[in-house]
Amino acid sequence: MATLDLFNTLSGTVQPLSAVGAPELRMYCCGPTVYDYGHIGNFRTFLHVDVLRRFLRQQGVAIRYVMNITDVDDKIIRNAASAGLPIAEYARPFETAFFEDLEALGIERPEIIARATECIPEMVALVEQLAAKEFAYQAEDGSWYFRVARDEDYGKLAKKDLDQIEDGARIESGEFNKDAVRDFALWKAVKALPDGSKEASWQTPLGDGRPGWHLECSAMASKFLGDTFDLHAGGEDLMFPHHENEIAQSESATGKLFARHWMHVRFLLVEGKKMSKSEGNFYTLRDLLLRGHRVSALRFLLISVPYRHQLNFTFEDLAASANAIDRLRTFHKRMVKGADPKSIAPFAEGINPAIEEGTTQAAELYTAALANDLNTAEARAAIFDLVRAANTATDQGTLLRGNAVQILAVLDLFDGVFAVLKDRDAELTRAALVWAEKENRLNEADPALLETLAFSDAEIDALVAERTLAKKQRNFARADAIRNDLLGKGILLEDAKDGVRWKRK
RNA sequence: GCACCGAUGGCGAAGUGGCUAACGCGCUGGUCUGCAAAACCAGUAUUCAUGGGUUCAAAUCCCAUUCGGUGCUCCA
């Protein structure tokens, strides 16, 4: 039985994904161009790759995952120039922010992270290899281009017909000296910036210049994963021309298959429209945190819709995801208490076989759903079915301690991929506020959020204790006043049999 | 313009020929509670964008139309 059946863009079918000829599954994902903060669309892609990676590891597959950081490109050069900074100085803070965001979202760090600017020799070598085979040529201005016409199977990933590409293509200024419009830049000869100074460049045997965008991924993937590797992932927009060009470069140079499997994550819409700055529906993770949304809710929402489907992001659904997570966390705590013989009210000893069967079935459905092209929606449903059944049984007193232990194991399995049960939300929101203060953007923060977080846990605990005392004295007016006051500040109290619970909304 | 993908309840979404169309959120009523919250129970789409067709049988297959998205140009 296959560990994971995954849609392969190259073949157009769902195929088993597996490590071939190596103990580790070797995968590559196109990382960010670090010219700004990451937005929720960027993170949808990285989150789904994280789901893939976590699930494979759960299935016992070892992984070697490489992500590149594009730290030199047109936008970085342009923005750095207008900020009056060297490109590295301009880009580095965004790179740091990107990794902070990944961490906050629970996205595991790839084994290898490679910066484009640190792999220049490998890129140069690749162009030289291509030139030797006449796939690359140097134009009058000193730039190097890939000769698409010489690559017979060009277009095989995106299923493009070459004639169409030519029809739609347009000649960019500065690239007029290419032999054919569809030829793409491998190495861009150095140019002057608007202020007359020289843009960032490297002195190489190819001339003074900088790498083209597609070149870095080809060079880095080979450097760290070999000429042929198992999986290449990225957003759907990268399929053409970026990934197609990577294939063209790598396969023309090596004569070998580049990536066996290609995974493309679909774009998301925001409130029914394409996310864009001009529509005013463009959000970075940090924007959402300052508005009082929780990181866990965003993670859960973005991964709950399977990667091949368009997801329509709305604030209503973000709130719904937060509520769904609360339910899961409440349930998880209930099972932890019931399973612990030392807790105040552990469940009765034993195992109820009917519940045991349901638990096993939930785990099987969950695994089968993810193994089927990462159907996260169905995997989620299997877990919620278990939650409902277990809650009902608990209410009826038929769920025994052994069942709780088994259910916790299934929740661990679920959380190994979804990673939303552990509550770090308040902590991460606080970190975002610290960042906002440093960046002078605290004015963008939701006032209610600031008020809620201003309350320390100790202060809340003190008020809860005061209310418990008032309740004992049957002073319900005072008790309710404290509860309502806290609720107004975003803190919700729950009176349970074994004491008072509270949580930040 | 050309190519490709999609349209399922109030919202998100699973399901790709055959049991009462999953699951989450929301809403309404009930149980529990001093009152709440949490949890549970019941209800909440006779129907899957629209029109036609194939079939004993269609949300699922085919054709057309409408709307949305993507690529052809920087983009996750």
Side-chain angles (χ1 to χ4, degrees), chain A residues 12 29-33 35-36 38-49 73-75 78 158-161 163-172 182 213 233-242 244 264-269 272-276 300-302 304-331 333-334 365 369 372 375-396 471 474-477 479-480 483-484 487 492-497 500-503:
Chain A
C29 177
C30 294
T33 301
Y35 67 98
D36 204 347
H39 56 71
I40 57 176
N42 296 124
F43 292 121
R44 183 183 192 209
T45 297
F46 300 127
L47 278 165
H48 277 285
V49 175
D73 93 314
D74 293 347
K75 269 180 273 194
R78 185 193 65 208
K159 320 279 183 272
K160 291 275 178 195
D161 181 327
D163 300 336
Q164 266 172 28
I165 295 168
E166 198 145 16
D167 287 346
R170 108 187 120 95
I171 300 174
E172 295 166 42
R182 61 177 184 246
W213 174 39
E236 65 168 325
D237 57 309
L238 297 184
M239 191 164 93
F240 194 91
H242 185 54
E244 193 70 57
H264 290 102
V265 180
R266 277 203 84 172
F267 265 34
L268 56 72
L269 301 182
K273 287 184 179 154
K274 184 181 176 171
M275 179 168 68
S276 76
F300 200 47
L301 175 60
L302 293 183
S304 286
V305 177
Y307 77 96
R308 281 215 283 152
H309 291 257
Q310 197 167 58
L311 156 73
N312 184 17
F313 173 93
T314 64
F315 286 98
E316 192 187 342
D317 295 319
L318 189 58
S321 287
N323 289 342
I325 290 174
D326 278 343
R327 182 163 171 217
L328 292 172
R329 286 179 180 166
T330 302
F331 174 72
K333 283 182 201 141
R334 193 179 197 191
L365 284 172
N372 177 21
N375 192 335
T376 45
E378 221 170 70
R380 221 186 85 138
I383 298 305
F384 277 106
D385 279 335
L386 176 65
V387 169
R388 188 176 0 82
N391 268 326
T392 303
T394 305
D395 282 358
Q396 293 168 347
K471 272 176 59 184
R474 304 197 64 79
N475 181 357
F476 294 121
D480 290 353
R483 187 173 63 196
N484 287 334
L487 187 61
L492 182 74
L493 299 195
E494 297 171 8
D495 295 335
K497 281 202 183 84
V500 182
R501 283 190 299 259
W502 61 264
K503 62 190 176 194

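Remember, predicted model here, so these are calculated numbers, not experimental data. What's counted below: heavy atoms across the whole structure, side chains too, no hydrogens, waters or symmetry copies. Letters A, B, ... are given to chains in the order of the sequence lines, protein chains preceding strands, and every chain is numbered from 1.
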| From the list B:rC40, B:rG12, B:rC25, which nucleotide is the closest neighbour of the side chain of A:Val305? | B:rG12

| said: Tell me the interatomic distance from A:His309, atom NE2, to B:rU16, atom P, rounded to whole angstroms. | reply: 10 Å

| field | Position toward the 5' end of RNA chain B (nearest nucleotide), A:Gly31 or A:Pro306 | value | A:Pro306

| task | Give A:Lys273 one of three labels, base, sugar-phosphate or nothing, depending on what nucleic acid heavy atoms sit under 4.0 Å from its own. | result | nothing

| message | Output the rounded distance in Å from CG (A:Leu311) to C1' (B:rA14). | response | 14 Å

| query | Any stacking of A:Phe267 on B:rA76, going by centres under 5.5 angstrom and planes within less than 30 degrees? | reply | yes

| CZ/A:Arg501 to CG/A:Leu493 distance, rounded to the nearest 0.5 angstrom? | 11.0 Å

| message | In whole Å, measure the gap between the P atoms of B:rU46 and B:rU66 for me. | response | 27 Å

| note | Side-chain atoms of A:Arg334 come closest, of B:rA39, B:rG12, B:rC25, to B:rA39

| task | State whether A:Thr392 places a side-chain N or O below 4.0 Å from either non-bridging phosphate oxygen (OP1 or OP2) of B:rC41. | result | yes

| query | Which part of the nucleic acid, if any, lies within contact of A:Asp480, taking any heavy atom under 4.0 Å across all strands shown: a base, the sugar-phosphate backbone alone, or nothing? | reply | base

| query | A:Trp213 has a side chain; which of B:rC74, B:rG15, B:rG69 sits nearest to it? | reply | B:rC74

| request: Please assess A:Asp237 against A:Arg266 for the test salt bridge (Lys or Arg N to Asp or Glu O under 4.0 Å), listing each intermediate value before the final yes or no. | output: CA-CA 8 Å; A:Asp237 57 309; A:Arg266 277 203 84 172; over 6 Å; no

| task | Please work out if A:Asn375 contacts a base, only the sugar-phosphate, or nothing of the nucleic acid, heavy-atom cut-off 4.0 Å. | result | sugar-phosphate

| task | Measure up the A:Phe384 and A:Phe300 rings against each other and bin them: parallel (under 30°), tilted (30 to 60°), perpendicular (over 60°). | result | tilted

| note | Of A:His242 and A:Arg501, the one whose closest nucleotide on RNA chain B sits nearer the 5' end is A:Arg501

| task | Identify whether any heavy atom of A:Asp495 sits under 4.0 Å from a base atom; if not, whether one sits that close to sugar-phosphate; answer base, sugar-phosphate or nothing. | result | base

| Pair A:Thr314-A:Asp317, side-chain donor/acceptor within less than 3.5 Å | yes

| Looking for any heavy atom pair under 4.0 Å, which part of the strands does A:Ala496 touch: base, sugar-phosphate only, or nothing? | nothing

| request: Between B:rG71, B:rC25, B:rA76, spot the one nearest the side chain of A:Lys274, thanks. | output: B:rG71

| A:Phe384 ring over B:rG24 six-membered base ring, under 5.5 Å and 30° | no

